[in-house]
Amino acid sequence: MKLLPLTPDGQTPVRVLTIAGTDSGGGAGIQADTRTMALCGVHACVAVAAVTVQNSMGVSDFHEIPPAIVAGQVRVVATDIGVGAVKTGMLASTAIIEAVADVCGEVGIGRDGQIPLVVDPVAASMHGDPLLHEEALDAVRHTLIPLATVVTPNLDEVRLITGIDVTDDASARLAAEALHKLGPQWAIVKGGHLRSSEHSTDLLFDGDKFLEFTAPRIGTTNDHGGGDTLAAAIACALANGYSVPEAVEFAKDWTYRCLAAAYDLGAGHGPVSPLWRLHSD
Ligand code: PXL
C-alpha cells in the first residue's frame, strides 16, 4: 500500500492530537490512536478525557477527567506544539464535550478553523459497555458532530445518533444524509453496506456525492480498536495534507492491514495491530 511520508530522522514530524479515553488493556482508545500515529510516522499528542478500567473482556469502570483539565491539555498543545489534525474518541459526558467544543473554537480546530477534526462518536465498547452517558447524546449530535471535518460512527452509533437501523444500501444512504444534516463536512457510515459477506464497505458523503471504500472482510474476533485505528489513520493522512476522500482511502487500507495482523490477547477480543508496519520495508 502507499504509506504516508516519513520525516527524516532529527526533523520534526507532523503532529496529531487525540482527545479520548485510555484503555488499560492497550487495545483501543488512546493506546490504539498513539500506536497508529507513531507507525504512520506522526508525533502523537494526547488530551486524556477519561480513564477506563478495561481488559480484553470489557470495561468495568471509568473515571472522567475534569472538563477544564481536558480543555487545558488541548489548549497548551495547540498553542505551543501545533497540530496538523485532531481526533476525538471517548468523551464520556456533556460537560467534557462542551469544554472540548469551546477550546476547539478558541484554537481553530474543526470545520470553521484551520485544523481538521475527525470525530469518532464513541458510545460503547464492543462488549456493549457504556463509554458515554446517555444524556450526552444530544451534545454529540448538536455540539460535537457539527464541528467535524469528518464523523466516523459505527452502525450502533449511527442508530443511537440518527435512529436509523442500517440494513442495506438504501438505509446506509439515509443514515449518511441524516448524519450530514447535523453539520459535519463529511459523514462516514462504516460497514453500511451489508450486501456482501466478503467485503466491508464504508460510505462517505459530503452532502452532494456518495463515495464508497471497500476492503476484503476479515473474519476475526480480534478487532478491538478497529474504529479508533481507522479514525486515527484518517487524522494522520489529513495532517499530511490529504483530502478527506484520500485520507479515508488510505485509512481503510491501513485498517485492513491492521485487522489482518490482529493477535490474541487475554480471554476476550484481541487488538488490531499496526505492528505489520515494522516489517514492511
Ligand atoms: O473502540 C472504541 C473505544 C474508544 N475508547 C476507549 C475504549 C473503546 C472501546 O472499548 O475503551 C477508551
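Whatever order the structure lists them in is the order used to number ligands and atoms, beginning at 1.
Sorted by chain and number, the residues within 4.0 Å of ligand 1 by heavy atom are G21, T22, A28, G29, T52, Q54, M90, V122, S125, L131, H224, D228.
Pairs engaging residues 110-146 under the ring-ring contact (aromatic ring centres under 6.0 Å, His included) rule: F62-H133, H127-H269 [sequence neighbours left out].
For Q11, the side-chain contact (heavy atoms from CB on, under 4.5 Å) partners at least two apart in sequence or on another chain are T7, P8. When the ring pair (Phe, Tyr, Trp, His ring centres under 6.0 Å) test is applied to H43, no partner is found at least two apart in sequence or on another chain.
A donor-acceptor contact closer than 3.5 angstrom links the side chains of D120 and T152.
The pair D165-R159 meets the salt-bridge criterion, with a side-chain N (NZ, NE, NH1 or NH2) lying under 4.0 Å from an Asp/Glu carboxylate O.
Closest of all the heavy-atom pairs between M1 and W254 is CE-N, 3.6 Å.
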